[in-house]
Amino acid sequence: MGAVTPPNGRAPHDRVPADRSPKQDRSRATRKRLLEAAVACLAEHGWAGSTVSVVAERAGVSRGAAQHHFPTREDLFTAAVEYVAEERSAALRALPVQGRAEVVAALVDLYTGPLFRAALQLWVAASNEPQLRPRVTELEARVGRETHRIAVELLAADETRPGVRETVQGLLDMARGLGLANVLTDDTARRRGVVAQWAALLERELG
């Protein structure tokens, strides 16, 4: 006797598994909320005030759900800073071709927003937390290399010329310094003049 074909035309053994994409989408959305909440908490409350429970509450998920995605506190916060760093790098890569003044301003913005504040808190914590230090050191080295590469592309800088690499790195170091100056007080007015001067310097140095 032949197999009975159901009305949908498929034999029982040919049944397509339930679509898992909605579940995967929910999982990705939960992970993203946790990462964004972790960065916000780190920037606002520092390392000491940013526990997994605080982040989970801000993200609107249970502590258990948070630990499902990130088993340890270190996992959560290093992943959070890396996630936002990648988002900002993507935004930099997507910048339309502009003058160097606009590129310098965009790079400085990278170091004066919530991401930098969160990263700064993570650096301070890593200096006192042996289990966190190697992870943060590796993360920052990777982010630094990527940011430098993007800066070189955006500035159309020819690093085969003597001094150009150091000039680009000096720009990034300057931007980091401006980020530090902006932590305690609003440094917008002074920063605007420094950014304009660096843009003029780059025009002369890069040609």
- Task: Say whether, by atom type as modelled, one donor and one acceptor occur between the side chain of R73 and the main chain of S50 under 3.5 angstrom.
- Result: yes
- Query: For L206, does its backbone N or O pair with a side-chain atom of R161 as donor and acceptor, under 3.5 Å?
  - Reply: yes
- Closest non-hydrogen atom pair, Q121 against G46: OE1-CA, 3.3 Å
- Query: Taking it one step at a time, do L35 and E82 satisfy side chain to side chain contact (heavy atoms under 4.5 Å, CB included)?
  - Reply: CA-CA 9 Å; L35 293 173; E82 182 174 20; over 6 Å; no
- Could you tell me whether E153 and R149 make a salt bridge, using a distance below 4.0 angstrom between a side-chain N and a carboxylate O? yes
- Run the numbers on R142 and E138 for salt bridge (charged side-chain N to carboxylate O under 4.0 Å, His left out), then give the verdict. CA-CA 6 Å; R142 184 150 41 89; E138 190 277 333; 3.1 Å; yes
- Message: Quick check against the 3.5 Å criterion: does R117 have a side-chain atom that pairs as donor or acceptor with the backbone of V183?
- Response: yes
- Task: First locate atom OG1 of T72, then atom CZ of F77, and finally report the distance between them rounded to the nearest 0.5 Å.
- Result: 10.5 Å
- W47 reachable from V54 in the ILVMFWY side-chain graph, under 4.5 Å edges: no
- Are T147 and Y111 side-chain neighbours, meaning at least one heavy-atom pair lies under 4.5 Å? yes
- Message: Is there a side chain to side chain contact (heavy atoms under 4.5 Å, CB included) between L201 and L171? Walk through the geometry before answering.
- Response: CA-CA 10 Å; L201 183 152; L171 165 63; over 6 Å; no
- Task: Rounded to the nearest 0.5 Å, what's the gap from CZ on R176 to CG on L110? Could you check?
- Result: 9.5 Å
- Query: Which heavy atom in T112 sits nearest to a heavy atom in G179, and how many Å separate them?
  - Reply: CG2-CA, 3.9 Å
- Query: How many angstroms lie between CZ in R190 and CG in N182, if you round to the nearest 0.5 Å?
  - Reply: 9.5 Å
- Task: Hey, could you give me the CG/NE2 distance between L34 and H68, rounded to the nearest 0.5 Å?
- Result: 10.5 Å
- Query: Does any non-hydrogen side-chain atom of L120 lie less than 4.5 Å from one of L180?
  - Reply: yes
- Search all heavy atoms of T78 against all heavy atoms of R135 and return the closest pair with its distance. OG1-NH2, 3.6 Å
- Item | Value rounded to 0.5 Å, distance of CG in D173 from CG in L178 | 11.0 Å
- F70 and D75 have their tightest heavy-atom pair at CD2-O, 3.9 Å
- Message: V164 vs V152, test: side chain to side chain contact (heavy atoms under 4.5 Å, CB included). Steps then yes/no.
- Response: CA-CA 9 Å; V164 169; V152 168; over 6 Å; no
- Item | Hydrophobic cluster identity match, V124 and V143, side-chain contacts under 4.5 Å | no
- Query: CZ/R133 to CD/E74 distance, rounded to the nearest 0.5 angstrom?
  - Reply: 12.5 Å
- Item | Residues, nucleotides or ligands: over 12 heavy atoms within 6.0 Å of Q67 CD | yes
- Heavy-atom distance under 4.5 Å between the side chains of H148 and E159, does that happen here? yes
- Message: Pair V55, R58 - check side chain to side chain contact (heavy atoms under 4.5 Å, CB included), show working.
- Response: CA-CA 5 Å; V55 172; R58 184 170 186 140; 5.7 Å; no
- Item | Nearest heavy-atom neighbours spanning A181 and D187 | CB-OD2, 3.7 Å
- Under 4.5 Å between any side-chain heavy atoms of M174 and V108, yes or no? yes
- Note on the structure: Residues S62 and A65: closest non-hydrogen pair is OG-N, 3.0 Å
- Are L76 and H69 close enough that some pair of their side-chain heavy atoms sits under 4.5 Å apart? no
- Query: Would you say R100's side chain and A199's backbone share a donor-acceptor pair under 3.5 angstrom?
  - Reply: no
